[in-house]
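For clarity, every value in this text was computed on a predicted model and none was experimentally measured. Values below: all heavy atoms of this structure, side chains included; hydrogens, waters and symmetry mates excluded.
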Amino acid sequence: MAQPNESRSEAETNATIAEQNDRFRTTWGADFTVPGQIMLTRGVADLSPVAKAIIMQRVQTFSEFSKDNDPYGDHTFGAFELEIAGNSYHIFWKIDLYDKYYSMGSDDPADVAVTRRVLTVLHASEY
C-alpha cells in the first residue's frame, strides 16, 4: 500500500489535490487521468434534463473558491444559487477522495494511482 509522500508540505499536498480535483470536475468525460465517478442525489436527479444540464455546467465552471468555502485550498466543495424557469436552487457539490475500491478514504489523496474521486451534486437541503 502506498504511503503518503512525507516530503510534501500540507500546502503543497492541498495544491496538488486542488489541481486534480479541478481537472476531474472540469473535464469529466474528456480526461480520464484523474479517475472517479459523478453522483447526483435524488433531489437533483429528479430535476428536468435542462435543469440538470445547467447545474452540471455550473459545477464544471465553478471558480468562486474562498477561505470560507475552501479553507484547505483543495477545491473539494462548492456552492451556488441559480434560478431556472422561475425555480430557485441552492446547489452544493462535494468531492470525496476514496481508495481504488471506493471502500474507504484514500491513504494518499494526492496520488491519482491510489485515489478515486466521487463528485456528488446535491440540493443544499439534502446536506
Quiz item: Where do Asp99 and Arg116 land on the side chain to side chain contact (heavy atoms under 4.5 Å, CB included) test, with the steps shown first?
Solution: CA-CA 6 Å; Asp99 68 359; Arg116 299 297 178 262; over 6 Å; no
Quiz item: Where do Leu122 and Tyr127 land on the side chain to side chain contact (heavy atoms under 4.5 Å, CB included) test, with the steps shown first?
Solution: CA-CA 7 Å; Leu122 60 149; Tyr127 191 70; 3.9 Å; yes
Quiz prompt | Val59 vs Leu119, side chain to side chain contact (heavy atoms under 4.5 Å, CB included): CA-CA, chis, key distance, verdict | solution = CA-CA 10 Å; Val59 169; Leu119 168 63; 4.1 Å; yes
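Between the CD atom in Gln60 and the CZ atom in Phe24 there is a gap of 10.5 Å [rounded to 0.5 Å]. Separating the OG1 atom in Thr120 from the CE atom in Met39 is a distance of 6.5 Å, to the nearest 0.5 Å. If you take CZ on Arg23 and OG1 on Thr33, they are separated by 4.0 Å, rounding to the nearest 0.5 Å. Put simply, OG on Ser48 and CG on Asn87 are 9.0 Å apart, with the number rounded to the nearest 0.5 Å. The distance from atom NE2 of His75 to atom CH2 of Trp93, rounded to the nearest 0.5 Å, is 8.0 Å. Within the model, atoms CG of Asp68 and CZ of Phe77 stand 11.0 Å from one another, a figure rounded to the nearest 0.5 Å.
Side-chain atoms of Asp74 and Thr76 include a donor-acceptor pair closer than 3.5 Å. In this structure, a donor-acceptor pair under 3.5 Å is present between the side chains of Glu126 and Thr41.
Side-chain atoms of Thr27 never come within 3.5 Å of backbone atoms of Ala30 as a donor-acceptor pair (strictly under, hydrogens ignored). Looking only at distances, no side-chain donor or acceptor of Gln20 sits under 3.5 Å from a matching main-chain atom of Ile17. Not a single donor-acceptor pair under 3.5 Å links the side chain of Lys100 to the backbone N or O of Thr115.
Counting non-hydrogen atoms of neighbouring residues, nucleotides and ligands closer than 6.0 angstrom, the CD atom of Glu10 reaches no more than 12 such neighbours. Crowding of Tyr102 atom OH: a count of heavy atoms from other residues, nucleotides or ligands under 6.0 Å exceeding 12.
The six-membered or imidazole ring of His90 lies near that of Phe92, with a centre-to-centre distance under 6.0 Å.
Across every non-hydrogen atom of Phe62 and Asn69, the tightest pair is CZ-ND2, 3.8 Å. Heavy atoms only, all atoms of each residue included: His123 and Gly43 are closest at NE2-O, 3.1 Å.
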